[in-house]
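Just so it is clear, the structure is predicted and the values come from calculations on it, not from any experiment.
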Amino acid sequence: MKKCILAAAVSAMLLCACGQSESSKADESSADMTYIKTSVLYDTLMDMYNAPENYLGKKYHIVGTLYTSEDDDGTKIYSVYARQMGSNEGIGLELDWSDFSSLENYDKIMVEGTLEQDQGTFHGNETEYLVLRVSALEKRD
């Protein structure tokens with residue numbers, strides 16, 4: 001009887017420890033994420049391009065507009081896009097994601113990912129650019 005009670009107590013402690021461990025991991029993951037509000041998205045993207053060293057390697061949660069453009073060779077480029085308040089001027093951040101098939105241009109999206117710098121050819125010129133390596137993307141209403 002004492003062995004059963006002891007075994008039950010040990011099992012309960014292990015379950016609690018596992019639960020706390022998973023909860024702690026979720027809290028740490030959330031703490032590492034930077035949430036960018038829609039109202040400051042344009043200014044934040046401008047700052048990312050002007051001082052990328054302050055942003056590279058960090059995780060971001062962004063709600064914005066999906067914008068699709070094409071390079072000279074017809075390659076589609078998908079970006080999260082923001083427009084400057086009171087202006088028609090806008091800016092986008094390229095998204096690296098495997099499947100945009102369920103989305104349309106100008107859909108409102110939520111995207112999470114890590115900001116990195118990459119190299120490639122854009123309009124025939126070799127260039128460095130910022131890209132968000134997406135870990136989650138969903139359409140918003």
How about [X] and [Y]: do any of their side-chain heavy atoms sit closer than 4.5 Å?
X	Y	answer
Leu66	Val111	no
Asp96	Leu132	no
Leu41	Ile62	yes
Leu93	Tyr60	no
Ile77	Asp71	yes

Could you report the tightest heavy-atom contact between [X] and [Y], atom names first, then the distance?
X	Y	answer
Arg83	Asn88	NE-O, 3.9 Å
Leu45	Val80	CD1-O, 4.2 Å
Met33	His61	SD-N, 3.6 Å

*Asp99 side chain to Ser101 main-chain N or O, any donor-acceptor pair under 3.5 Å?*
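It does hold such a pair.
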
*asked:* So does Leu103 get a backbone contact from the side chain of Asp107, meaning a donor-acceptor N/O pair under 3.5 Å?
replied: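 Checking the backbone N and O of Leu103 against the side chain of Asp107, no donor-acceptor pair under 3.5 Å is found.
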
*Which residues pass the salt bridge (Lys or Arg N to Asp or Glu O under 4.0 Å) test with Glu138, sequence neighbours left out?*
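Only Arg140 meet the salt bridge (Lys or Arg N to Asp or Glu O under 4.0 Å) criterion with Glu138.
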
_I need the Lys139 NZ to Lys108 NZ distance, nearest 0.5 Å._
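Reported value, rounded in 0.5 Å steps: 12.5 Å.
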
*Could you grab the distance from atom CG of Asn105 to atom OH of Tyr81, nearest 0.5 Å is fine?*
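Nearest 0.5 Å value for the CG-OH distance: 10.5 Å.
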
*asked:* Can you list, by chain and residue number, the hydrophobic cluster partners of Met110 when the side-chain cut-off is 4.5 Å?
replied: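 Grouped by the 4.5 Å side-chain rule, Val63 form the rest of the cluster around Met110.
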
*asked:* Strictly by salt bridge (charged side-chain N to carboxylate O under 4.0 Å, His left out), give each pair with a member in residues 115-125 just once, sequence neighbours left out.
replied: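 Non-adjacent pairs meeting salt bridge (charged side-chain N to carboxylate O under 4.0 Å, His left out): Glu116-Arg133, Asp118-Arg133.
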
*Name all residues meeting the side-chain hydrogen bond (donor to acceptor under 3.5 Å, both in side chains) criterion together with Glu70; count only those two or more places apart in sequence or in a different chain, and write none if there are none.*
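So Glu70 forms no side-chain hydrogen bond (donor to acceptor under 3.5 Å, both in side chains) with any residue.
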
*asked:* List the residues meeting side-chain hydrogen bond (donor to acceptor under 3.5 Å, both in side chains) with Thr75, not counting sequence neighbours, and say none if there are none.
replied: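 Thr75 satisfies side-chain hydrogen bond (donor to acceptor under 3.5 Å, both in side chains) with Asp73 once adjacent residues are dropped.
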
*asked:* Does anything in residues 36-48 form a side chain to side chain donor-acceptor pair (under 3.5 Å)? List the pairs, not counting sequence neighbours.
replied: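 Residue pairs passing side chain to side chain donor-acceptor pair (under 3.5 Å), neighbours aside: Tyr42-Glu89, Asp47-Tyr55.
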
